[in-house]
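Bear in mind that the values here come from a model prediction, so they are computed numbers and not experimental data. Residue numbering restarts at 1 for every chain, and letters A, B, ... go by the order of the sequence lines.
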Amino acid sequence: MTVSGDVEELSQVLRVRREKLTALRDKGIEPFAYSFDATAATNEVIAAFEEAEGSASLSESGQGESVRIAGRVVSWRDMGKSAFAHVEDASGRLQVYFRKDALGEEAFESLDLADLGDWLGVEGPAFRTRTGEVTVRAERWTLLTKSLRPLPLGKVETDAETGERIVHSGFTDQEARYRQRYADLAVHPEVREVFRTRSRVISALRSFLDGEGFLEVETPVLQPLYGGAAAEPFVTTHKALDQTMYLRIADELYLKRLIVGGLDRVYEVSKDFRNEGLSRFHNPEFTMLEWYQAFTDYEDQMALVERMLLHVLDTVLGRRTLTYAGNELVFEAPFRRIGLVASLSDALGTDVHEMSDAQLRAKAEDVGVQDLKGAGRGKLIDKLFGELVEPMLVEPTFVIDHPKELSPLAKQHRGDARLTERFELYIGGVEIFNGFSELNDPIDQRARFESQASLRAAGDEEAHPVDEDYIRALEYGMPPTGGVGMGVDRFLMMVTDQSSIRDVILFPMLRTED
RNA sequence: GACCCGGUAGCUCAGUUGGCUAGAGCAACUGACUUUUAAUCAGUAGGUCCUGGGUUCGAGUCCCAGCCGGGUCACCA
């Protein structure tokens, strides 16, 4: 684009708006107002008018009380000595009727300098038009903000039979919508609604945990050593300390340090960062909810997750079903539970525990798993599960009792030394929750870290590094604890039926422009 | 990282076998219209055809390289 103010080189549509800006100032109209005192949101104006109609308290000419509304102009129909517009605010849109005789010559002529996208304040009584739409008859209008760049507004048609909203020539380029989320939000009320839902869901998660006696805490984003998940970190440097720092990949090890300290129920809503590829289920910066509760195990936590999800659905949606990717998901506790190894054994027709590593590897190659370099027994089982069982987990399903090598922070299963007490909750075929009976034996924890280190030496770059300070904390004594991590963005994909994680993140990661 | 698809006006898109001055709808501008609602009618203006090379008398179109995006897969306990 051009140097700002260099009007000569602006494209025609931008130039025209700059010229109107100048014309407004010449008329003594301030194009960027300081404030406006609206008396009602647009949806309240409509509701109040309809109520007045019902109680027959309108004036003889069918007008309600005068109102003041503020919003963005999203449609305009000029009729010579009158004009209709729709003005949109956070609550909805409302039609405004401008008449030369009601506004006076000067105020009406000044409307020529208004554009789609401008923010306007309008004052006047509501009435119902011949075609039946509740409308404000403007007696005064105020320019609140002049828009200097045309918004990609489509034309909105309401289907007469179904009442459906049909948008013509809208703003559909995905790249442009993500890069200019402000414009995407401005022209798509349904996108604004997705993010309102996001906010309500996170609020409901917090209120649920608060109600259970949990304490919301904040732990470091910048960490001297990363841990709590198997992932590549972002690396940075603190200059004054001359020290390498990592952006957290999980909150787990810090939150469990707090359990050691006696804060027996803690949770954190956090941004975590993983230096990995992007996909419709992965954004390098994402929102995680983790909580830890002393004196509970993974059974207790599965029950808590069930209650939490029902609370969120009841609070936010008022129903216990979701439609995601064309599937109806019914939430009814208790959710289905399947053993990871048991279900894989069923799928393979052989007991997984009886199979050698070589047999597992051969099976994995059979079903087309790629990149098995350095994969240990646990990873082979996990890959096979991902290939053979995971796609069938549409209804909410707890997958439980994972192999030990896959879960270096989970407590050994009380009935089977090969397994851990762990669960993952799958919804719509996607992993949303991950929890376990937390490993609190520092000697076992050190051994697990060390076997991770040998996996790392064998080529598994995601294996966990040893965290000596965390082991020291466990040595002081961590009570029996159940803990859970939740992929908040993924859950929101389910709640709002969006197919990409980018559609539930306001500003998803993209390569920079230019 | 692999494969497929795409990038043309502010927005949404056409553009044939390579051929004259690159088109349409919406938005914009001028004019008409005081209950319209995808308002309507008449007219006008608006382009780095993603970038850089190449082939050709001639490239939006064909070839090569690159950039950016979307989708699918891989990666992702």
Rounded to whole Å, CZ of A:F171 lies from C1' of B:rA27 at a distance of 14 Å

A:F108 CZ to B:rC33 P, in whole Å, measures 11 Å

Look at all strands and tell whether [X] reaches a base, only sugar-phosphate, or nothing, counting heavy atoms closer than 4.0 Å.
X      : value
A:H402 : nothing
A:L116 : sugar-phosphate
A:R137 : base
A:F127 : base
A:D78  : base
A:L278 : base
A:E424 : sugar-phosphate

Rounded distance in Å between the [atom1] positions of [N] and [M]:
N      : M      : atom1 : result
B:rU44 : B:rU51 : P     : 30 Å
B:rU35 : B:rC20 : P     : 48 Å
B:rU12 : B:rA59 : P     : 29 Å
B:rU17 : B:rC11 : C1'   : 32 Å
B:rG25 : B:rC62 : C1'   : 30 Å
B:rA74 : B:rC49 : C1'   : 35 Å

Ionic contact status for [Y] with [X], cut-off 4.0 Å:
X      : Y      : result
A:E421 : A:K411 : no
A:R192 : A:E88  : yes
A:R128 : A:E50  : yes

Please confirm whether the shortest side-chain N or O distance from [X] to OP1 or OP2 of [N] is below 4.0 Å.
X      : N      : result
A:K20  : B:rC29 : yes
A:R280 : B:rG71 : no
A:K155 : B:rC11 : no
A:K81  : B:rU35 : no
A:R77  : B:rU36 : no
A:T172 : B:rC13 : yes

With the side chain of [X] defined as its heavy atoms from C-beta on, choose the nearest nucleotide among [options].
X      : options                : answer
A:R99  : B:rA28, B:rU35, B:rA38 : B:rU35
A:S279 : B:rC75, B:rC68, B:rA38 : B:rC75
A:P152 : B:rA38, B:rC11, B:rU34 : B:rC11

If you go through the side-chain atoms of [X], does one of them form a donor-acceptor pair with the base of [N] closer than 3.5 Å?
X      : N      : value
A:R128 : B:rU35 : no
A:T129 : B:rU36 : yes
A:E133 : B:rU35 : no

Note: for A:S500 and A:P408 on RNA chain B, the residue whose nearest nucleotide lies more 5' is A:S500

Closest to the 5' end of RNA chain B, once A:W76 and A:L153 are matched to their nearest nucleotides, is A:L153

Sequence neighbours excluded, the answer for ring-ring contact (aromatic ring centres under 6.0 Å, His included) partners of A:F398 is A:F335, A:F423

Contacts of A:E268 meeting side chain to side chain donor-acceptor pair (under 3.5 Å) (sequence neighbours excluded), chain-then-number -> A:T219, A:R248

Query raised in the report: Are any non-hydrogen side-chain atoms of A:D118 and A:R72 less than 4.5 angstrom apart?
Result: no

5' to 3', nucleotides 41-48 of chain B under a 4.0 Å protein heavy-atom cut-off (B base, S sugar-phosphate only, - none) gives ----BS--

